[in-house]
Amino acid sequence: MLKVNNIDVYYADVQALWDVSIEVKQGEIVSLVGANGAGKTTLLNTIAGLLHPTKGNIEFLEHDLTVKPNHRRAALGIAHIPEGRRLFPEMTVKQNLVMGSMSREAKAKREESMDWVFSLFPVLKERTWQAAGTLSGGEAQMLAIGRGLMARPRLVMMDEPSLGLAPNLVEDVMKITKEVNSQGITVLLVEQNIMHALRVCNRAYVLETGRVTLEGPGEELLTNARIKEAYMGI
Amino acid sequence: MKKGLLSILVVCVVALLAIPACAPAKPSPAKPSVEPIKVGMNFSLTGSKAKFGEMNMNSATLAFSDFGIDRINDRPVKITEEDNRSEPATAKSAEEKLATANKVDLIIGGYSSSCTEPMTSAAEDLGIPHIIVTGSKDAITGKPLEWVFSGPRVPASHYGDAMWEFIDEVIIPGGVKKVALLYEMTDWGTSSAKSLRPKLEERGLEIVYDSKYNSEATDFKPMLSKVKAADPDMVIPVSYLTDAGLLVRQATGLELDILAWIGQAGGYTMPEFAELAGKDANLIFSTTNWNPKAAWEGTLNGIKWSGKKYSDEYVEKYDTEPDYHGAQGYAAGQIAVDALLRAAEAGNTINRESIRDALDNTDLTTVMGVIKHHKWTDEMGHHYYHQGLPPTYVIQWQDMAQEVVWPEDAASVDYIFPAPLLEQ
Amino acid sequence: MALFGQTFITGVLMGGIYAIIAIGMTLVMGVMKIINLAHGALMMVGMYICLVLFEHAGLHPYVALIPTMIALFIIGYLLQKYSIGRVSGVETIIPESQVLLTLALGLAITEVIRVIFTSNYQIIHPALTGEYWHLAGMTIEIPYLIGFVIATIFVALLHFFLARTDLGQSVIATSQDKDAAVYMGINAERITNFTFGLGTALAAAGGVILMPLFYLYPHVWHPYLMKAFVITILGGMGSTVGALSGGLILGLAESFGSTYWGPQWGEVIGFIIFLLILLFLPGGLKRIIGR
Ligand SMILES: Nc1ncnc2c1ncn2[C@@H]1O[C@H](COP(=O)(O)OP(=O)(O)OP(=O)(O)O)[C@@H](O)[C@H]1O
Ligand SMILES: [Mg+2]
């Protein structure tokens, strides 16, 4: 479904990604793990179109993403739930959700999608008229995910959805990730919490200083000695 | 080689300096009749004051051609122009050059006070008759000068004469007791207000509202509401152009009930004022130093003239309306022509002395009114020598046109008083 | 009492007209995070278009309002798209360079207008100019009242548009977080162009409703730009309610100031408010910088 082929990405003169290739297949949950500064957000932002590779290309379904303007990617079926949530703070919960459904197809299904999101996150329904900027961390994260889902995406990219959440909420987020996936939506997940990330996914990529150094099914990587040493301190 | 060049330069400089020194200190004796009568013009033709200097000179020159003066006693009349670049030092040297190098018999000149003063002192030193055109500073003719004559200019402290006369003879007898004084807040407005206040008070008029305002505002209704609450009989505003129009329009809208609105010179005499104020401009009074409608006319050298004719001719020739600077230039020209003709009539040869004597006896109606060069003292105790006092005027907007209504002998129509803002 | 009432009415009516001028600026500032110093000059262009429509097509300013707004919408849109927008790269944004550009544009536009129309005052007297309504000792200049009504209608329409339509919500979303708006599939660039056009059209509307009340010359916009700026700071960026209340506060402050404190103070009060807001309520400014 999504194929990133040998891309290099720079911030001005500084190279952040080196010859990175990943693939996400229809229906999968793919995790992207790595230390702080490894380049995970950079990779997602490149797929989202905020950054442009100097080498390589990105394919999504039949399209070459590298030639699509960034605001077109939502309509193709890619939803990006960015690092730090990036909600519209002065808009209400409902207005934020509406903003998630701006593509033509999503607009047509707006009511239906909203019911669906409210059924996934009942707490959001109670907060319909509250300004997003006043939500708690967990509520805000749910709204960020809900807003992403409003686009009726084929692929959801989540950048550290559990960041700053209490452990029980992290569990919830993982559950939701699985549930979203079970509804036929492919997930590309970036997660600090490597145990969670590897457990929830089908396959995973390990990114180290801008390069892919390991890939494989989640359970396999869980038992990988290098991973254990580097990320779990075992 | 270098030395040679330097010595040539030194010789040149010395020669240049020597020219004035060699010139006769006394006016030259009568020349054979083929020698032309030379009239010098010393004006600001370039520099900051060029606009008015040009109008001064164009008008003075126009007078010579209008009255057909190209020969007197078989001597051709020749006009020599000098540009003083609006600089006092240049004004002085131009005066000296005209007197000594060009050997003119009479000089007309002076727009700004700062240029006029050095001109007149040079003329006095060199013994050449000089007719001042504009220069408004009172003190220019404040000391006795034998060779300097100031007919057409109005000393600044007499700009308001007509208005005060009008106030004394029409406004106050008409029942005006309370005055509102409004003035725009720059230097011009505040200093005008400062000189207005004591003159209002000494006439027993009560100033019931007195405030400055920002001339760039859109809406003057807050101020005008206060004016209305103070219930004046007359409003005296010192305004620029656009604020003048808006003030009148908005005051009319507020139904300000007054007997007269006398706008100080500035915005109220410009055509755009009527455009801005629309029909509300009607009956508004203002003051001016000159207006083509002032009913001055006469015959000079057998040729009929009037202020209107001069103005039309000027517009046709220079494509712009003359203001009082132009009229002063024209009047100076008329005074000069008259003096030359009289000097010749007496059977004298025309020279500096005979011209001076003729100017001493000038009593002439010009576009600026009746001009005499005499000695007088005003009510403030200022003395003036060889100074005329051209009248200033009160104008009133009637049927969307400016009409001269005061002084009565110059009026183009009768004044309308009381002059309320709305004649519904 | 009549004096108080007159002062109040004058302030409210003027404030409504200020609000419509300011609202365009506050919108643009919300979305672009820059002060658009060409805003006033564009308002002035609208006034000249209205002048031409009045003199050559005989359209009353209240009729010319719509074509003028459309023209200025297009001018604003294109100006942003091909000039101001070009200076803003996503990564290399230097807000100052855009502000300087808007300043240069404002001055250039003024010069062009001066060359075409000269610096002379242009004055029109459409129907209703100089018509008054007298009410309990107070006077209401009818074009002020109509101007106020038009301004309030536009402010209300704009408020409805921003709150209730997808396009309007996209404008708000873009002003709150441009990158996030792009994630949502909003074409932030086009929204910015659109907002600029809309803001310009509203400024033009403010200019047009001044036409029966005021006079026109190329530099007419100077005080209005400053007032719009004060109101923007006062009301908060991108907020219609803020701009309307800011406009009313400024209008009332000027009016009461000049009645009870002296007419020379009327305009000064706006700047005093501005300083007080910056000193004691710096939230507005912080948001401009805090992007
Ligand atoms: N805007 C930027 N300009 C320059 N360098 C940047 C920029 N954003 C990120 N980088 C650099 O690129 C590298 C990758 O950063 P990135 O944000 O992709 O890391 P990450 O894997 O998402 O880290 P984290 O787990 O902390 O979110 C880092 O060295 C970072 O300093
Ligand atoms: Mg990151």
Side-chain angles (χ1 to χ4, degrees), chain B residues 180-186 189-190 193 209-231 237 239-256 267 270-282 400 421-422 424, chain C residues 1-11 13-15 17-18 120-126 129-134 137-144 147 210 212-217 219-220 222-224 226-227 251-268:
Chain B
L181 179 61
L182 329 171
Y183 51 100
E184 64 80 32
M185 60 200 262
T186 67
T190 26
Y209 184 85
D210 185 338
S211 176
K212 57 174 86 168
Y213 67 88
N214 179 351
S215 64
E216 285 172 8
T218 319
D219 197 332
F220 296 100
K221 285 199 283 295
M223 171 173 76
L224 291 168
S225 307
K226 282 212 93 168
V227 171
K228 189 176 179 183
D231 193 26
S239 313
Y240 286 121
L241 174 58
T242 52
D243 47 331
L246 292 180
L247 276 171
V248 166
R249 199 160 92 192
Q250 293 174 7
T252 307
L254 285 173
E255 297 187 327
L256 188 60
M270 299 192 191
E272 292 95 333
F273 165 69
E275 277 184 55
L276 259 168
K279 63 180 182 357
D280 301 342
N282 280 329
M400 302 306 284
L421 289 176
L422 256 189
Q424 278 175 345
Chain C
M1 193 55 214
L3 183 61
F4 182 89
Q6 184 72 55
T7 308
F8 182 80
I9 287 175
T10 301
L13 297 186
M14 202 65 227
I17 297 175
Y18 289 165
N120 290 345
Y121 294 111
Q122 309 277 347
I123 299 144
I124 62 170
H125 282 270
T129 290
E131 299 282 326
Y132 290 84
W133 219 22
H134 298 279
M138 295 177 291
T139 302
I140 299 172
E141 201 169 345
I142 289 173
Y144 266 105
L210 280 172
L213 292 162
F214 208 49
Y215 46 90
L216 178 57
Y217 58 104
H219 291 279
V220 69
H222 289 181
Y224 296 96
M226 287 316 295
K227 286 181 213 290
L252 284 169
E254 281 186 4
S255 172
F256 276 93
S258 55
T259 301
Y260 293 103
W261 199 7
Q264 72 272 34
W265 294 105
E267 313 262 307
V268 179

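These numbers come from a predicted model, not from an experiment. Throughout, protein chains are lettered first and strands after them, A, B, ... in sequence-line order, and every chain is numbered starting at 1.
- Here the closest heavy-atom approach between residue B:A274 and residue B:A281 is recorded as CA-CB, 4.1 Å.
- One finds the OH atom of C:Y215 at 9.5 Å from the CD1 atom of C:I123 (value rounded to the nearest 0.5 Å).
- Of the listed residues (B:M223, B:E184, B:K226), the greatest number of heavy-atom pairs within a distance under 4.5 Å of chain C belongs to B:K226.
- Shortest non-hydrogen contact noted between B:S215 and B:T242 is O-OG1, 4.3 Å.
- Contact annotation for C:Y224: only side-chain heavy atoms (C-beta onward) come within less than 4.5 Å of a heavy atom of chain B.
- Residue with the most contacts toward chain B among C:L210, C:L213, C:T7: C:L213 (heavy-atom pairs, distance under 4.5 Å).
- In terms of non-hydrogen atom pairs under 4.5 Å with chain B, the most contact-rich of C:T10, C:I140, C:T129 is C:T10.
- Heavy-atom distances place no part of C:H222 under 4.5 Å from chain B, backbone and side chain included.
- Within the 4.5 angstrom heavy-atom criterion, only side-chain atoms of B:L241, from C-beta onward, approach chain C.
- Taking chain C as the reference chain and counting heavy-atom pairs below 4.5 Å, the highest number among B:D219, B:T252, B:N214 is found for B:D219.
- The number of heavy-atom neighbours closer than 6.0 Å to CZ of C:F8, taken from other residues, nucleotides and ligands shown, is 12 or below.
- For B:L254, the parts lying near chain C are the backbone and the side chain together; criterion is any non-hydrogen pair under 4.5 Å.
- In this structure, no portion of C:L13 lies under 4.5 Å from any heavy atom of chain B.
- Contacts of B:Q250 with chain C are made by both backbone and side-chain atoms, with heavy-atom separations under 4.5 Å.
- C:Y217 does not touch chain B: none of its heavy atoms, backbone or side chain, sits under 4.5 Å away.
- Contact check for B:D243 versus B:F220: side-chain heavy atoms found under the 4.5 Å cut-off.
- Between the CD atom in B:E216 and the NE2 atom in C:H219 there is a gap of 11.5 Å [rounded to 0.5 Å].
- Using a cut-off of 4.0 Å between Lys/Arg side-chain N and Asp/Glu carboxylate O, B:E255 and B:K228 are scored as not salt-bridged.
- In this structure, B:Y213 has its ring center no closer than 6.0 Å to that of B:Y183.
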